[in-house]
Amino acid sequence: MTSEEKLLKKFLTYLQVERGLSENTRQAYERDLRQLRIYLKERGTDLLACEGNDLFLFLLLCKENGKSPRTIARCNATIRGFFAFLLDEGLRQDNPTTYLVTPKLNQQLPKVLSEVTLDKLLKSEEESDLSLRNLALLEVLYSCGLRVSELIGLHLSDVSLDVGYVRCIGKGNKERIVPLGEQAIQVLERYLSGSRKRLCGKKTTDILFLNAHGRALTRQGVVYILKRWGKEHNLEQSISPHMFRHSFATHLLDHGADLRSVQEMLGHADIATTQIYTHLTRRRLLDVFQKAHPRADFKLKE
């Protein structure tokens, strides 16, 4: 193992143990750093000897290659974190990222399903085991605003139907408790009392949502389920797991929930992340006002 490989391994261990980052985030950091290594090698330098200009040109190349501003910003964050780590460990005497600039992101408002659309989606005329599982899955997504990784990681012991809550492990391995709505509880009771037992068969597993073979669902499996479910319910737009999370937050705020509570239920470390939903709610209210009020002769500002 080369010295640079050892550095990367040490940094990735630090991300896991000390910063508690998720596996997906660590993999993204590793990809960024490996691409940087290749670039620096072509320039005749390496991670321990490169200068700020080398890093700036690398980010510029990413932009020229069509990388999105968000991807470049993440790559910038990766590089900053890595060289700060080297400085703290005494492996470099300087920090070449001091003057790197993060590109501005064109923040897009999250895509939200209307309450009418969700009422349509959260119904099923079929009573098959898979249909009931899918309905229970959608109810939990909307009722709790979970990320798809949190959903597929749920165990039977994480759900309390008597008290009405779900316990999940979010980003940074942080645990949180989210209330479970009455309709979600009813569908889950039906799923657990019959469908899940039949899907599980003779297997022994504590995973809540199972596929047709009695194994845990994957991210791809959930995405496929939602796309097919949307088509079966004659929905024109394609739906994704995160749209249910966005809808959960937006509808809570629409009905008077306070921002701090929504932040806690979503598992956001920074309330600034949650504030995008207040912007969305404000735009929707202004849009309704503009369309309905006889003297609303102004235009919405972006």
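It should be emphasised that the depicted structure is a prediction, and the values quoted were computed from it without experimental measurement. All values below were derived from every heavy atom in this structure, side-chain atoms included, with hydrogens, water molecules and symmetry-related copies excluded.
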So, [X] versus [Y]: side-chain donor-acceptor pair below 3.5 Å or not?
X: Thr98; Y: Asn95; result: no
X: Glu126; Y: Ser131; result: yes
X: His255; Y: Glu115; result: yes

Salt bridge [X]-[Y], side-chain N to carboxylate O under 4.0 Å:
X: Arg34; Y: Glu5; value: yes
X: Asp46; Y: Lys41; value: no
X: Glu264; Y: Arg176; value: no

Between Cys144 and Tyr165, does a side-chain contact (heavy atoms from CB on, under 4.5 Å) hold up when you go through it step by step? CA-CA 9 Å; Cys144 303; Tyr165 74 81; over 6 Å; no

CA sep, side-chain torsions, deciding dist, call: Tyr29, Phe82, ring pair (Phe, Tyr, Trp, His ring centres under 6.0 Å): CA-CA 9 Å; Tyr29 273 43; Phe82 178 69; 9.9 Å; no

Assess whether atom CD of Glu175 is packed by more than 12 heavy atoms of other residues, nucleotides or ligands within 6.0 Å. yes

Residues passing the side chain to side chain contact (heavy atoms under 4.5 Å, CB included) test with Gln183, sequence neighbours excluded, are Glu139

List for me each residue that meets side chain to side chain contact (heavy atoms under 4.5 Å, CB included) alongside Asp158, sequence neighbours excluded, and say none if there are none. Leu154, His155, Arg167

Kindly state each residue pair satisfying salt bridge (charged side-chain N to carboxylate O under 4.0 Å, His left out) with at least one member in residues 205-229, sequence neighbours excluded.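 For residues 205-229, and leaving out neighbouring residues, the salt bridge (charged side-chain N to carboxylate O under 4.0 Å, His left out) pairs sorted by first residue read Arg228-Glu232.
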
Spatial distance of atom CG (Asp129) from atom CG (Leu210) [nearest 0.5 Å]: 11.0 Å

Under the side chain to side chain contact (heavy atoms under 4.5 Å, CB included) test against Leu199, which residue among Leu132, Leu130, Asn211 passes?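 For Leu199, the side chain to side chain contact (heavy atoms under 4.5 Å, CB included) check succeeds only for Leu130.
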
Any Leu137 side-chain heavy atom under 4.5 Å of Tyr191 side chain: no

Check whether any side-chain heavy atom of Thr25 lies under 4.5 Å from a side-chain heavy atom of Leu15, and answer yes or no. no

